[in-house]
Amino acid sequence: MALSVSQLTLRHRNNNVVIGPLTFEVEAGEIMTLMGPSGSGKSTILSAIAGHLAPNFTVTGEIQLNKQSITSLAPNMRHIGIVFQDDLLFPHLNIWQNLAFGLPQNIKGSQRKHQALATLDELNLLHLQHQQAHEISGGQRARISMMRLLLSQPQAVLLDEPFSKLDKTLRAAFRQFVFDQIQQRNIPALMVTHDDDDIPPNGDVLHWPWQ
């Protein structure tokens, strides 16, 4: 699997180029980092790849996943998962229900709960299954949110400063957890950050300005 971007160019409605042309490739199991200051367009690049670009932008160029073009596909057809700064767990669902929500629709009935509980067991968090999101720690919420995303079986992952709201100790542990999960599943990942500590060892880095 690989995520490829070729000559990606983003323009405002007035046709002014704001980002690009941008070309890069992220191989399976690789985590590439976009580094740049606030306002440099890092998150906008992720939005273009995921298909969530704001309507005041237009995009040209080619985005491919596993050598298939996804440029014109709807976001839900791209098989790309996004991890944000906030965990975005549902407050009205308990922890196992939050995990089950991420499972593909072809997994039915009791099998959904079984798989959610198996995931919690893998994380050594089975004791949290009936807790609500507000009742567990920030680090636990972050791991549950990441695993919910991975249960949806994405073919690529976008990481939008996912570690920035955690304290230093939790940040290091969760960072390694995320990197391990991506590498174990052998999927490409593109990460936005402004912190050099977030860059994986020997990972490729694309610095601003992107042109």
Side-chain angles (χ1 to χ4, degrees), residues 1-10 17-54 57 59 61 63-65 78 80-89 123 136-150 152 154-211:
M1 289 189 285
L3 174 66
S4 302
V5 169
S6 179
Q7 297 296 303
L8 184 73
T9 304
L10 277 64
V17 174
V18 291
I19 296 173
L22 189 61
T23 297
F24 61 84
E25 181 166 291
V26 190
E27 299 290 345
E30 179 186 359
I31 302 158
M32 177 178 281
T33 304
L34 294 178
M35 290 283 291
S38 297
S40 59
K42 303 185 298 296
S43 294
T44 304
I45 293 169
L46 297 191
S47 295
I49 294 170
H52 298 295
L53 201 61
F57 288 100
V59 58
I63 305 167
Q64 291 191 350
L65 186 56
R78 296 192 182 199
I80 293 178
I82 308 178
V83 180
F84 297 101
Q85 297 177 20
D86 297 308
D87 55 68
L88 302 182
L89 295 180
L123 297 175
I136 66 176
S137 72
Q140 290 167 338
R141 287 197 303 271
R143 281 185 284 167
I144 297 299
S145 181
M146 182 67 191
M147 291 306 293
R148 183 179 65 183
L149 171 75
L150 293 174
S152 71
Q155 296 178 23
V157 172
L158 307 178
L159 305 166
D160 194 355
E161 301 205 40
F163 318 123
S164 63
K165 289 197 173 180
L166 298 174
D167 65 42
K168 188 173 182 179
T169 303
L170 285 177
R171 185 176 182 133
F174 181 58
R175 181 194 299 126
Q176 191 58 54
F177 171 79
V178 170
F179 294 167
D180 288 346
Q181 292 295 326
I182 289 168
Q183 289 162 358
Q184 287 170 19
R185 286 163 173 75
N186 205 34
I187 53 179
L190 182 64
M191 177 174 62
V192 158
T193 185
H194 59 269
D195 189 337
D196 289 334
D197 289 341
D198 289 342
I199 301 171
N202 303 314
D204 286 339
V205 182
L206 197 59
H207 290 278
W208 182 85
W210 319 119
Q211 294 92 317

State, to 0.1 Å, how close [X] and [Y] come at their nearest heavy-atom pair, and which atoms those are.
X: Ile182; Y: Ala189; answer: CD1-CB, 3.7 Å
X: Gly139; Y: Leu166; answer: N-CD2, 4.5 Å
X: Met32; Y: Glu25; answer: CE-O, 3.5 Å
X: Leu65; Y: Ala156; answer: CD1-CB, 3.7 Å
X: Trp208; Y: Gly36; answer: CB-CA, 3.8 Å

May I have all residue pairs that pass salt bridge (charged side-chain N to carboxylate O under 4.0 Å, His left out) and include part of residues 175-189, sequence neighbours excluded?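 Every salt bridge (charged side-chain N to carboxylate O under 4.0 Å, His left out) pair that includes a residue of residues 175-189, provided the two are not neighbours, is Arg175-Asp198.
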I'd like to know if the side chain of [X] reaches the main chain of [Y], judged simply by a donor and an acceptor atom lying under 3.5 Å from each other, with no hydrogens or angles considered.
X: Ser152; Y: Leu149; answer: yes
X: Ser145; Y: Arg141; answer: no
X: Thr33; Y: Met35; answer: no

What do the steps show when you test Ile144 against Asp87 for side chain to side chain contact (heavy atoms under 4.5 Å, CB included), and what is the final call? CA-CA 8 Å; Ile144 297 299; Asp87 55 68; over 6 Å; no
Heavy-atom distance under 4.5 Å between the side chains of [X] and [Y], does that happen here?
X: Leu46; Y: Leu159; value: no
X: Pro188; Y: Gln155; value: no
X: Pro162; Y: Met146; value: no
X: Leu8; Y: Ile19; value: no
X: Thr9; Y: Pro21; value: yes
X: Leu150; Y: Ile187; value: yes
X: Gln181; Y: Val157; value: no
X: Val18; Y: Phe57; value: yes

Carefully, step by step, assess Val178 and Val83 under the rule side chain to side chain contact (heavy atoms under 4.5 Å, CB included). CA-CA 10 Å; Val178 170; Val83 180; over 6 Å; no
[atom1]-[atom2] distance between [X] and [Y], expressed to the nearest 0.5 angstrom:
X: Asp197; Y: Arg171; atom1: CG; atom2: CZ; answer: 7.5 Å
X: Glu27; Y: Leu3; atom1: CD; atom2: CG; answer: 10.0 Å
X: Phe179; Y: Met191; atom1: CZ; atom2: CE; answer: 4.0 Å
X: Glu30; Y: Met1; atom1: CD; atom2: CE; answer: 13.0 Å
X: Leu190; Y: Leu34; atom1: CG; atom2: CG; answer: 4.5 Å
X: Arg78; Y: Ile49; atom1: CZ; atom2: CD1; answer: 9.0 Å

Using the rule given for side chain to side chain contact (heavy atoms under 4.5 Å, CB included), can you reason through Lys42 versus Asp160, listing the C-alpha separation, both sets of side-chain angles and the distance that settles it, and then say yes or no? CA-CA 8 Å; Lys42 303 185 298 296; Asp160 194 355; over 6 Å; no
Stepwise side chain to side chain contact (heavy atoms under 4.5 Å, CB included) check, Leu123 with Gln140: CA-CA 10 Å; Leu123 297 175; Gln140 290 167 338; over 6 Å; no
